[in-house]
There are 2 protein chains.
Amino acid sequence: MQPVRLSSKDSILEAAFVLFSRDASASLAEVAAQAGVGRATLHRHFSSRDDLIRTLALVAIDEMDEAVESACANAQSATEVLRLSLAALIPLGDRHGFITQHPIENDAEIAEQFRQADDATREMVEAAKTEGLFDASVSSDWITHVYNALLYAGWESVKQGETTAQQAADLAWRSLTTGLGAAKP
Amino acid sequence: MQPVRLSSKDSILEAAFVLFSRDASASLAEVAAQAGVGRATLHRHFSSRDDLIRTLALVAIDEMDEAVESACANAQSATEVLRLSLAALIPLGDRHGFITQHPIENDAEIAEQFRQADDATREMVEAAKTEGLFDASVSSDWITHVYNALLYAGWESVKQGETTAQQAADLAWRSLTTGLGAAKP
DNA sequence: GCATGATGAGACAATAATGTCTCATATGGG
DNA sequence: CCCATATGAGACATTATTGTCTCATCATGC
């Protein structure tokens with residue numbers, strides 16, 4: 001058994017995700033307290049608030065990329081990539097939320113990486129369209145919006161204890177593809 | 001023609017919605033500047049930052065209630081209420097976003113009002129289920145999550161200029177009920 | 001014109017947040 | 001045991017934000 005305990009740096013990052021996704025104006029003192037480390041230790045690892053925020057964004061993007069890559073290693077189609085990615089991303093909903101609701105327009109590198117991730121989703125959506133997954137008459141922009149929105153809905157559902165991550169992923173996928181209407185007779 | 005110009009107070013509220021939904025840690029100086037009023041004027045109308053945030057939350061809930069009520073005045077069924085509410089709420093997406101992503105747990109009154117609004121949606125969902133709109137085997141909690149998520153997706157789509165509010169409402173409704181899958185042969 | 005009320009600009013003080021520093025301690029490897 | 005490193009606690013200076021105040025200006029209605 002490896003120790004469950006995180007390093008100071010990771011504790012801080014984890015605590016910051018939790019706090020900042022709930023309240024972007026939380027102070028660094030709150031973050032340090034939540035992480036169970038001294039305020040000075042936080043500054044030893046992150047030179048400034050901006051540095052912390054920026055690191056969080058990079059970590060979030062990195063974790064999401066990694067989760068998607070690992071989940072889709074053996075995917076046989078764009079459809080499968082979308083389905084597996086959704087399942088892999090739902091547990092990272094706080095990371096996703098953090099990036100979307102933070103003013104990272106200032107940082108060119110992060111904005112660019114985030115744009116790339118969004119573009120990748122849109123490309124997958126278009127590939128899945130050619131596979132017959134989506135109605136070709138609906139814009140890929142809209143489908144991408146819905147994909148991201150259902151990602152968030154799944155995360156919310158898991159966070160509130162209503163479903164497991166896998167159940168949420170199944171529900172989100174079903175909602176995306178066939179909707180929630182009663183079965184046609 | 002009434003003057004298009006808003007009162008100082010309304011200018012501030014509007015600016016605060018725009019800024020705070022993008023960056024919850026925006027300073028009051030930024031809000032005042034965005035509103036085109038002096039910082040002192042902001043404090044004449046709102047005694048403190050908390051007062052402003054609290055007022056924003058109350059206004060947001062109020063506007064959403066009013067929009068729903070007005071849109072659904074002649075609705076004949078729960079299904080219609082949901083459809084019309086969705087269309088009415090999408091243009092108020094910034095209000096909705098503001099409430100969901102702010103730490104208003106501190107204020108009992110606002111938390112209660114927000115909970116009531118959410119409960120009302122869930123009740124409508126359940127009523128619509130008995131009308132045969134939704135698959136009865138899917139939990140109302142999940143349907144409510146998806147409803148809110150699509151509300152947000154519609155707002156995003158409108159904000160980015162991809163669709164009009166009406167188009168977004170139609171897309172969201174279609175996504176909710178029948179999904180985005182290709183038509184079955 | 002005059003009074004009234006709202007406003008913008010800016011000075012000001014109080015407060016909160018941030019970033020730096022020191023020192024005592026502990027933890028773990030050698 | 002000894003040393004190197006990381007840490008917590010807390011003092012401290014700096015900065016940003018917040019909230020108050022005054023005064024000159026402007027618009028509006030009388």
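Below, chains carry the letters A, B, ... as their sequence lines are ordered, and counting in each starts from 1.
- B:Trp173 and A:Val146 end up in the same hydrophobic cluster when Ile, Leu, Val, Met, Phe, Trp and Tyr side chains are linked at under 4.5 Å.
- Applying the 4.0 Å criterion to OP1 and OP2 of C:dA6, one finds that B:His45 has every side-chain N and O outside that range.
- At least one side-chain nitrogen or oxygen of B:Thr41 sits closer than 4.0 Å to the OP1 or OP2 atom of C:dG8.
- Rounded to an integer number of Å, the gap from B:Lys9 NZ to C:dG8 C1' is 19 Å.
- One interatomic measurement links the two molecules: CG of B:Leu19 to P of D:dT17, which rounds to 13 Å at whole-angstrom precision.
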Audit row: A:Arg115, A:Glu112, salt bridge (Lys or Arg N to Asp or Glu O under 4.0 Å) steps and yes/no: CA-CA 5 Å; A:Arg115 208 181 53 74; A:Glu112 171 61 16; 3.3 Å; yes

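- At whole-Å resolution of the value, CZ in B:Arg49 and P in C:dT15 are 18 Å apart.
- Distance B:Asp50 CG to C:dT15 P: 16 Å, rounded to the nearest Å.
- Atom-to-atom, CG of A:Leu42 to P of C:dG19 comes out at 9 Å; the value is rounded to the nearest Å.
- With hydrophobic clusters built from ILVMFWY side chains whose heavy atoms lie under 4.5 angstrom apart, B:Ile61 does not share a cluster with B:Tyr152.
- The interatomic distance linking B:Gln34 (CD) with C:dG8 (C1') rounds to 18 Å, in whole Å.
- With rounding to whole Å, A:Asp51 atom CG is found 9 Å from C:dG19 atom P.
- Linking Ile, Leu, Val, Met, Phe, Trp and Tyr residues whenever their side-chain heavy atoms come within less than 4.5 Å places A:Leu58 and A:Val68 in a single cluster.
- Look at CG on A:Leu28: it is 15 Å from C1' on D:dT17, rounded to the nearest Å.
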Residues B:Val59, B:Phe17; criterion side-chain contact (heavy atoms from CB on, under 4.5 Å); working and verdict: CA-CA 10 Å; B:Val59 167; B:Phe17 272 127; 4.2 Å; yes

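- One hydrophobic cluster, built from ILVMFWY side chains closer than 4.5 Å, cannot hold both A:Leu89 and A:Trp155; they sit in different ones.
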Polar atom pairs (N or O), protein with nucleotides 20-29 of chain D, under 3.5 Å:
none

